[in-house]
**Q** 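Encoded as structure tokens, here's the structure I'll be asking about.
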Protein chains: 2
Amino acid sequence: MNIGDASALSGVSAKMIRYYEQTGLIPLAARTASGYRNYADADVHMLRFIARSRDLGFPISEITDLLDLWRNTDRRSADVKALAQARIQDLRHKITHLQDMADTLETLVRSCAGDERPDCPILHNLETEAFPASGRRSNHAGPHANINERITS
Amino acid sequence: MNIGDASALSGVSAKMIRYYEQTGLIPLAARTASGYRNYADADVHMLRFIARSRDLGFPISEITDLLDLWRNTDRRSADVKALAQARIQDLRHKITHLQDMADTLETLVRSCAGDERPDCPILHNLETEAFPASGRRSNHAGPHANINERITS
DNA sequence: CCTTGACCTTCCCATGATGGGAAGCCCCAT
DNA sequence: ATGGGGCTTCCCATCATGGGAAGGTCAAGG
């Protein structure tokens, strides 16, 4: 099976399959004599596992761990559960953050006439609301620790 | 005022101030004879507006629009309100998506014993749940339209 | 007046997950 | 055998952000 077939069967684009291979998430694919990547059903199975994990919000780093547990028949289900619970925690944090932003905007929107006049409490708030000076940008956890996380909306 | 002062007063890093200038979000800064960027209070004001907008989840493209409205005293508050409402809609979509993921994980976590045994319904689900074949990857809206949006958690 | 250190400048690189596209090779069906 | 579609690698772009190097500038203190 060529990469195109594996892609269609797994729901992972060929580009991403190569990327996952390159970054070590999945092992190097077998190759035909002419250099084409060659996939078996087990590989498609693994790719599907990855696609599903990603759809549930797991970052690549945790999918690595999930794959290890998946392949390890001596695993403890407690370890899998812990990973899933950590993911839920993270999702809840993100949800709370988005909810806070939406609530603030909702309040502002309700206070705005929304007519032909230029006067607007939304702009006024953006203009005057002070930023939290207490180290919002101090970034003690290092780059890409908590800020700048990606969601797959 | 040098860029470091403007950064400290606005809460926008010097790196980002230069980036915003380079990408046209803000006008080219005034320069001293020796080439240092020179900022006035009004510039800090603008940077604060940007920081606040970004904290409320507005992408740079919409902050451009907000800045235009802010500067335009002939604006209609309805236009500002519409922008904020669109942002709320987007946030609600993201929240729903994250909520769905969290709910699925919650169900799985509840079904997992979480003990020393390897048997785990979470892994089983990841392994067998089919991906929605009906064009989940069809991406009609083009790259970066809805997927891969960034949140500032 | 000169040194020192903090600040500024530009330039390049990296992130994470993803797609676009070019140049060139391969394989199958007509 | 030829054409078209699929495969290969390689480079580039995204978005907002930081890291770091190499070098210029400025103010304070000796």
Side-chain angles (χ1 to χ4, degrees), chain A residues 1-8 11-26 28-39 47 50-51 53-64 90 136-153, chain B residues 1-8 11-26 28-39 47 50-51 53-64 90 136-153:
Chain A
M1 183 176 5
N2 283 341
I3 198 170
D5 306 305
S7 170
V12 179
S13 74
K15 280 274 191 190
M16 289 314 297
I17 296 177
R18 295 194 195 95
Y19 171 76
Y20 290 153
E21 180 183 325
Q22 192 193 320
T23 56
L25 178 63
I26 60 180
L28 293 174
R31 299 284 187 141
T32 66
S34 59
Y36 280 24
R37 284 177 184 77
N38 193 269
Y39 297 94
L47 288 170
I50 292 170
S53 301
R54 184 202 45 195
D55 286 351
L56 285 178
F58 287 96
I60 297 289
S61 56
E62 287 181 25
I63 297 180
T64 304
D90 189 80
R136 182 163 57 74
R137 311 253 160 259
S138 62
N139 199 10
H140 286 300
H144 307 119
N146 275 320
I147 59 175
N148 291 342
E149 288 187 16
R150 192 169 282 276
I151 64 169
T152 312
S153 66
Chain B
M1 190 178 356
N2 283 342
I3 198 172
D5 305 305
S7 170
V12 179
S13 74
K15 280 274 191 193
M16 290 315 297
I17 295 176
R18 295 194 194 97
Y19 172 76
Y20 291 152
E21 178 182 327
Q22 191 192 319
T23 56
L25 177 63
I26 60 180
L28 293 174
R31 300 281 186 143
T32 65
S34 58
Y36 280 24
R37 284 175 183 78
N38 194 268
Y39 297 94
L47 289 170
I50 293 170
S53 302
R54 184 201 45 195
D55 287 351
L56 285 179
F58 287 97
I60 297 290
S61 57
E62 288 181 25
I63 297 181
T64 304
D90 189 82
R136 182 164 57 77
R137 313 249 159 260
S138 63
N139 200 10
H140 285 300
H144 309 119
N146 276 319
I147 60 174
N148 289 340
E149 288 190 15
R150 190 170 281 274
I151 64 169
T152 313
S153 63

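Here the structure is a predicted model, which is why all the values come from computation and not from measurement. Just so we're on the same page: letters track the sequence lines, and every chain starts at 1.
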**Q** Quick one: R18(A) CZ to dC10(D) C1', roughly how many Å, whole number?
**A**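 Taking CZ of R18(A) and C1' of dC10(D), I get 12 Å after rounding.
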
**Q** Of I60(B) and K15(B), whose nearest nucleotide on DNA chain D comes first from the 5' end?
**A**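 First, find each residue's nearest nucleotide; the 5'-ward one identifies I60(B).
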
**Q** Atom CE of M1(A) to atom C1' of dG6(D): distance rounded to whole Å?
**A**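 Those two atoms, CE and C1', are 16 Å apart.
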
**Q** I need the T23(A) OG1 to M16(A) CE distance, nearest 0.5 Å.
**A**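 The CE atom of M16(A) is 7.5 Å from OG1 of T23(A), to the nearest 0.5 Å.
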
**Q** Let me spell it out: for each of F58(A) and I3(B), pick the nucleotide of DNA chain C with the closest heavy atom. Which residue's pick is nearer the 5' end?
**A**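 Whichever sits nearer the 5' end wins; that is I3(B).
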
**Q** Using every non-hydrogen atom in the two residues, find where I3(A) and R18(A) come nearest and quote the distance to one decimal.
**A**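 That closest heavy-atom pairing would be CD1-CG, 3.7 Å.
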
**Q** Is the distance from OP1 or OP2 of dT18(C) to the nearest side-chain N or O of Y20(A) less than 4.0 Å?
**A**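 It does, given that an N or O in the side chain of Y20(A) lies less than 4.0 Å from OP1 or OP2 of dT18(C).
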
**Q** In whole Å, I'd like the distance from the CG atom of L47(B) to the C1' atom of dT17(D).
**A**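 After rounding, the gap between these two atoms is 16 Å.
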
**Q** Starting from C1' on dA16(D), measure out to CD1 on I26(B) and report it in whole angstrom.
**A**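 Whole-Å distance recorded here is 14 Å.
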
**Q** Can you check the N38(A) CG to dC26(C) P distance for me, whole Å?
**A**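 So the CG-P distance, N38(A) to dC26(C), works out to 16 Å.
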
**Q** Is there a side-chain contact between I63(B) and R54(B), using heavy atoms and a 4.5 Å cut-off?
**A**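 Of all side-chain heavy-atom pairs linking R54(B) with I63(B), at least one is under 4.5 Å.
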
**Q** Expressed as a whole number of angstroms, how long is the span from D55(A):CG to dA17(C):P?
**A**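 Between P of dA17(C) and CG of D55(A): 13 Å.
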
**Q** Starting at atom CD of Q22(A), determine the distance to atom P of dA17(C), rounded to an integer number of angstrom.
**A**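 Result: 13 Å.
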
**Q** I'd like to check I17(A) versus S7(A) (side-chain heavy atoms, cut-off strictly below 4.5 Å). Are they in contact?
**A**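 Yes, their side chains come closer than 4.5 Å.
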
**Q** Return the polar atom pairs (N/O with N/O) between nucleotides 27-30 of chain C and the protein under 3.5 Å, or none.
**A**
from    : atom 1 : to     : atom 2 : distance (Å)
dC27(C) : OP1    : S34(A) : OG     : 2.8

**Q** Grab the two heavy atoms, one from E21(A) and one from L28(A), that are nearest each other, plus how far apart they are.
**A**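 Reported closest heavy-atom pair: OE2-CD2, 3.4 Å.
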
**Q** Would you check if I50(B) and Y20(B) make a side-chain contact, meaning some heavy-atom pair closer than 4.5 Å?
**A**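 The answer is yes; the side chains approach within 4.5 Å.
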
**Q** Rounded to the nearest 0.5 Å, how far apart are CD1 of I60(B) and CG of L25(B)?
**A**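 Separation between the atoms: 5.5 Å.
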
**Q** Quick check on dC15(D): is either OP1 or OP2 less than 4.0 Å from any side-chain nitrogen or oxygen of R54(B)?
**A**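 No, no such contact exists.
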
**Q** R37(B) near the nucleic acid: base, sugar-phosphate alone, or nothing, with a heavy-atom cut-off under 4.0 Å?
**A**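 Touches sugar-phosphate only.
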
**Q** Between dT8(D), dA17(C), dG18(D), which one does the side chain of M16(A) approach most closely?
**A**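 Of the options given, the side chain of M16(A) lies nearest dA17(C).
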
**Q** Do any side-chain nitrogens or oxygens of S13(B) fall under 4.0 Å of OP1 or OP2 in dG18(D)?
**A**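 Yes, S13(B) has a side-chain N/O under 4.0 Å of OP1/OP2 on dG18(D).
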
**Q** Quick one: N2(B) CG to dT25(D) P, roughly how many Å, whole number?
**A**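 Between P of dT25(D) and CG of N2(B): 14 Å.
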
